Q: 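Provided herewith is a single structure, encoded as structure tokens, for subsequent inquiry.
Each ligand, and each atom within it, is numbered from 1 in the order the structure gives. In this text, all values refer to a predicted model and were calculated from it rather than measured experimentally.
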Amino acid sequence: MPVISLIMWGLLAAEPFTFERSQTFLQNYCAKCHTGKAAVGGFKLERVNTQASLETESRPWKSAITRVQNGEMPPKGSPAPALEEREQFVGWTDQALRSVACATGPVAGPAVTRRLNRDEYAATIRDLLEIHLDIAKALPADGAGGEGFDNAAETLFVSPLHSEKYMEFARFATDFAAKEYKSRSKIFVVQPGPGRPPRQAAHEILKSFLPRAFRRPVTEADIAPFLSLYDAAVAQGQMFEPAVLFAVRGILVSPGFLFRMEPPNAGPGPRPLDSWALASRISYFLWGSMPDEMLRDIAAAGKLHDPEVLRRLVRRMLSNDRSLDFAKSFTEQWLRTRELGAEKVPDAKLFPTYATDEELRGDIRFQPILFFREVLVRNMPLLDLIDSKYTIGTSNLEKHFDVKLPLLATARKQPQWVELPEGSRRGGLLGMPAVLAVSSYPYRTSPVLRGAWVLDSILGTPPPPPPPNVPSLEDASNPASAKTVRERLTQHRENAVCASCHSRIDGLGFALENYDAIGRWRDQDAGKPVDNSGELADGTKFHGPDQLKKTLLERKDLFVRNLTRRMLGYALGRGLSLKDSCTVDAIVAKLKENDYKSQTLIEEIVVSMPFRYQREDRK
Ligand code: HEC
Ligand code: HEC
């Protein structure tokens, strides 16, 4: 979880916190259990009592702020700091650790060894064999790790179920490919003929197929085990083609195919990634699949580390259809809209149009994905994600919004980039039903969930997890008096403990109350006019979505930093370290210089130190 203090955006009175105050904080709340011989849990205040320790002891510092941020330390029953003091401590320490870590500039990360996740696996099979089969769903889902994405090395282990499925798919895919002209020609680049004995043909086939499957040049030693598979099949009486397909199957279940493995760096010091590994990093980042011929050619020519080549390449790759996979994977995880239709299903009785109209559901789900991709392809500013004059429209969405859209008369059902009329209230991500539905309950809106969603997905300052045993709104409210959600929440915020969190969460969500749980506009809730007034803990007041977006844009640094952080974590397929924050800071500075142009984000990530370099492997 990114730890960025609310102080940074002026939610809290920023009385300057200092190193001395951090020490007072630790003495007041932690010393009892974490000093001297009696120190418990392996955490000793003596290790973190100097300025220098911010550099030399970043690990215990880091775990201290994590435990404090999550409200785990000090443990229940001990004198505890107020939330405000807690966040000041966390915010100051995080900032101090970062600036110390950044003094030496961006650094390279570890080499990658990880399994293709299920979407990458399916896309790679598709591109390698030129077959169109939707096999992703049949594989077990991958959990999220790192910065919250399912491509993080930390979580991509192989279970027995995976091995079984891979065998099954390899057979299925090769059988299928053998029947299709296009994929046959991808495999059978030569046939045995006069002057080319079958075994030699098999060798040539493997020699051409294997570098594409392994995404790197291969040696005779790489080919040998698969040629042995061919030999074994022939020895069992198989004909040429089935014997070759047997060997191909072997390739599809081998680690060289299933894993992305970057050659280790024996050192000394960091070094540029080898061209093939870099080609894979780029193509799995922007296409979610293996490098194509163009990328392989550039890698072979040794040009892939040239920043100018990389920038041009990024633009070309983004405008290719394949970047849709990237947009889908990134957007749905960043915004959590992947949960729609899975964990989050709007109630069918309350929202029959949504439940029965599959086309509408598809349009709703794809709107943020296509919008995000279009912003990238058109190199629009990232701030358009907060508010924009355009959106992705279809005739279904037009009806859902109850706003007339200038759709192409000949293709009204097709998703398209449309200009929004004045006052549509549909600009940016916050006007999208997918986002509004995923931050609601199935049967009603929740300003709390929406506020928490904005804090997390947009601002990157997620609220601390709620304490256990909080009664639900329904149980707590007095059924005798029908109340709106706002009235019920106001009661909670009269309690100081609850208010410490809810005064900063709920205000953001209230401004979105004009959208119902599936994102339709409404002027009334429970028979009363919707009160869409919101307020931040610092007293900033606003009404409705347009003013909320304005308020968020006034805090655009937080949004841009959050998005950069997530995108870098996604691109690297791992959680970010303290040192990576320097790269994030540098990219944010570039974005500012470039009017927040969206392609700048992707280009700067691809040319960055952690993306292009690997550190020495420490044994
Ligand atoms: C009442 C005693 C008590 C107080 C007060 C207390 N802790 Fe702890 N702390 C523990 C115990 C017991 C553990 C070991 C169990 C655990 O990890 O939860 C622990 C573990 C930790 C760890 C884990 C070390 C690691 O490497 O994971 C950190 C960090 C920590 N405490 C920080 C703090 C900080 C910071 C404070 C003050 C804000 C604090 N603690 C206050 C009892 C205390
Ligand atoms: C440490 C921060 C924190 C504190 C303190 C806190 N909450 Fe929450 N609360 C949250 C978060 C975060 C959520 C959203 C949970 C989610 O994402 O599912 C939440 C959700 C809720 C909800 C569900 C909202 C809905 O629409 O149904 C209610 C009700 C609630 N809290 C009431 C309370 C009450 C009452 C107190 C005080 C006794 C309290 N909370 C204290 C953080 C907090």
Q: Apply salt bridge (charged side-chain N to carboxylate O under 4.0 Å, His left out) to the pair Arg504 and Glu84, showing each step before the final yes or no.
A: CA-CA 11 Å; Arg504 78 192 44 164; Glu84 184 169 329; 5.9 Å; no
Q: Heavy atoms only, cut-off 4.0 Å: how does Pro463 contact ligand 2, side chain, backbone, both, or neither?
A: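 The answer is the side chain.
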Q: Please check if atom CD in Glu55 has more than 12 non-hydrogen atoms from other residues, nucleotides or ligands closer than 6.0 Å.
A: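 Check fails, neighbour count at 12 or below.
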Q: Looking only at protein heavy atoms, which one is nearest to atom 32 (C) of ligand 1, and what is the separation?
A: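 Its nearest protein heavy-atom neighbour is Phe43 CD2, 3.4 Å.
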Q: Can you list the ligand 2 atoms lying under 4.0 Å from a non-hydrogen atom of Arg444?
A: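 Going through ligand 2 atom by atom, the ones under 4.0 Å from Arg444 are 25 (C), 26 (O), 27 (O).
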Q: Counting from 1, what ligand 1 atoms have a heavy atom of Pro74 closer than 4.0 Å?
A: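 Counting from 1, the qualifying ligand atoms are 5 (C), 38 (C), 41 (C).
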Q: On a heavy-atom basis, I'd like to know which of Pro465, Pro466, Cys501 is closest to atom 3 (C) of ligand 2.
A: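 Minimum heavy-atom distance to atom 3 (C) of ligand 2 goes to Cys501.
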Q: Please confirm whether Arg425 makes a cation-pi placement over Trp521, using NZ or CZ under 6.0 Å from the six-membered ring centre and within 45° of the ring normal.
A: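 The answer is yes, since Arg425 meets both limits relative to Trp521.
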Q: Going by heavy atoms in the side chains, are Arg520 and Phe351 under 4.5 Å from each other?
A: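 Yes - at least one pair of side-chain heavy atoms lies under 4.5 Å apart.
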Q: Over 60° means perpendicular and under 30° means parallel, so tell me whether Phe19 and Trp92 are parallel, tilted or perpendicular.
A: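 Answer is tilted, since the angle falls between 30° and 60°.
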Q: Pick one: which of Asp94, Leu97, Val100 meets side-chain contact (heavy atoms from CB on, under 4.5 Å) with Trp61?
A: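 By the side-chain contact (heavy atoms from CB on, under 4.5 Å) criterion, Trp61 pairs with just one of Asp94, Leu97, Val100: Leu97.
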Q: Check each of His34, Arg86, Arg67 against atom 31 (N) of ligand 1 and report the one with the nearest heavy atom.
A: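 Considering heavy atoms of His34, Arg86, Arg67, the nearest to atom 31 (N) of ligand 1 sits in His34.
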Q: At less than 2.8 Å, would any N/O/S atom of His502, backbone or side chain, sit next to atom 8 (Fe) of ligand 2?
A: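 So His502 does bind atom 8 (Fe) of ligand 2 by this criterion.
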Q: Within a distance under 4.0 Å of any heavy atom of Ala64, pick out the atoms of ligand 1 and give their elements.
A: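 In order of number, 29 (C), 35 (C).
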Q: Taking heavy atoms and a distance under 4.0 Å, where does Leu449 meet ligand 2: side chain, backbone, both or neither?
A: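 Near ligand 2, Leu449 shows its side chain, while the N, CA, C and O stay back.
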Q: For Leu436, does its backbone N or O pair with a side-chain atom of Arg450 as donor and acceptor, under 3.5 Å?
A: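 Here the side-chain-to-backbone pair exists.
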Q: So if I count the atoms of ligand 1 from 1 in the order they appear, which ones are less than 4.0 Å from some heavy atom of Cys33?
A: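 What qualifies from ligand 1 is 1 (C), 2 (C), 3 (C), 4 (C), 5 (C), 42 (C), 43 (C).
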Q: Tell me: protein heavy atom nearest atom 20 (C) of ligand 1, and distance?
A: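 Going by distance alone, atom 20 (C) of ligand 1 is nearest to Met73 CE, 3.6 Å.
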Q: Name the one of Thr445, Asn514, Asp516 that satisfies side chain to side chain donor-acceptor pair (under 3.5 Å) with Arg522?
A: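 The single option meeting the side chain to side chain donor-acceptor pair (under 3.5 Å) with Arg522 is Thr445.
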Q: Using a strict 4.0 Å cut-off to heavy atoms of Val40, name the atoms of ligand 1 that fall inside it.
A: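 Counting atoms of ligand 1 from 1, those under 4.0 Å from Val40 are 10 (C), 11 (C), 12 (C), 42 (C).
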Q: For atom 34 (C) of ligand 1, what is the closest protein heavy atom, and at what distance to 0.1 Å?
A: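 For this ligand atom, the closest protein heavy atom is Cys30 SG, 3.4 Å.
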Q: Does at least one non-hydrogen atom of Ser78 fall below 4.0 angstrom from an atom of ligand 1?
A: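 It does; at least one heavy atom falls under 4.0 Å.
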Q: For atom 25 (C) of ligand 1, what's the nearest protein heavy atom and its distance?
A: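 For atom 25 (C) of ligand 1, the nearest protein heavy atom is Gly41 O, 3.9 Å.
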Q: Taking the side chain as every heavy atom from C-beta outward, state whether Lys37 and Lys44 have any atom pair closer than 4.5 Å.
A: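 Sidechains of Lys44 and Lys37: no contact.
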Q: Need the ligand 2 atom indices (1-based, order shown) with element for anything under 4.0 Å from a heavy-atom of Val448.
A: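 Answer for ligand 2: 13 (C), 14 (C), 19 (C), 20 (C), 24 (C).
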Q: Does atom 15 (C) of ligand 1 have a protein heavy-atom neighbour under 4.0 Å away?
A: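 No, there is no protein heavy atom closer to it than 4.0 Å.
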Q: Determine, for Asp387 against Lys550, whether the closest basic-nitrogen to carboxylate-oxygen distance falls under 4.0 angstrom.
A: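 The answer is no: the pair does not qualify as a salt bridge.
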Q: Taking 4.0 Å as the limit for heavy-atom contacts, which would you say applies to Val68 with ligand 1: side chain only, backbone only, both, or neither?
A: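 Looking at Val68 and ligand 1, just side chain atoms fall under 4.0 Å.
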Q: How far is atom 5 (C) of ligand 1 from the closest protein heavy atom, and which atom is that?
A: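 Among all protein heavy atoms, the one nearest atom 5 (C) of ligand 1 is Tyr29 O, 3.3 Å.
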Q: Pick one of side chain, backbone, both or neither for how Pro447 approaches ligand 2, counting any non-hydrogen atom pair under 4.0 Å.
A: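 For Pro447, there is no contact with ligand 2 at all, from either part.
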Q: Counting only heavy atoms from other residues, nucleotides and ligands, does the tally under 6.0 Å from CD of Glu343 exceed 12?
A: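 It does: Glu343 CD has more than 12 such atoms within range.
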Q: May I ask you to decide whether Arg98 forms a salt bridge with Asp585, counting only side-chain N to carboxylate O separations under 4.0 Å?
A: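 Yes, this pair counts.
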Q: Give a yes or no answer on whether the side chain of Thr66 reaches the backbone of Lys62 with a donor-acceptor pair at less than 3.5 Å.
A: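 Indeed, once roles are kept as given, a pair shorter than 3.5 Å links the two residues.
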Q: Give the atom numbers and elements of ligand 1 that come within less than 4.0 Å of a heavy atom of Ser63.
A: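 Result: 29 (C).
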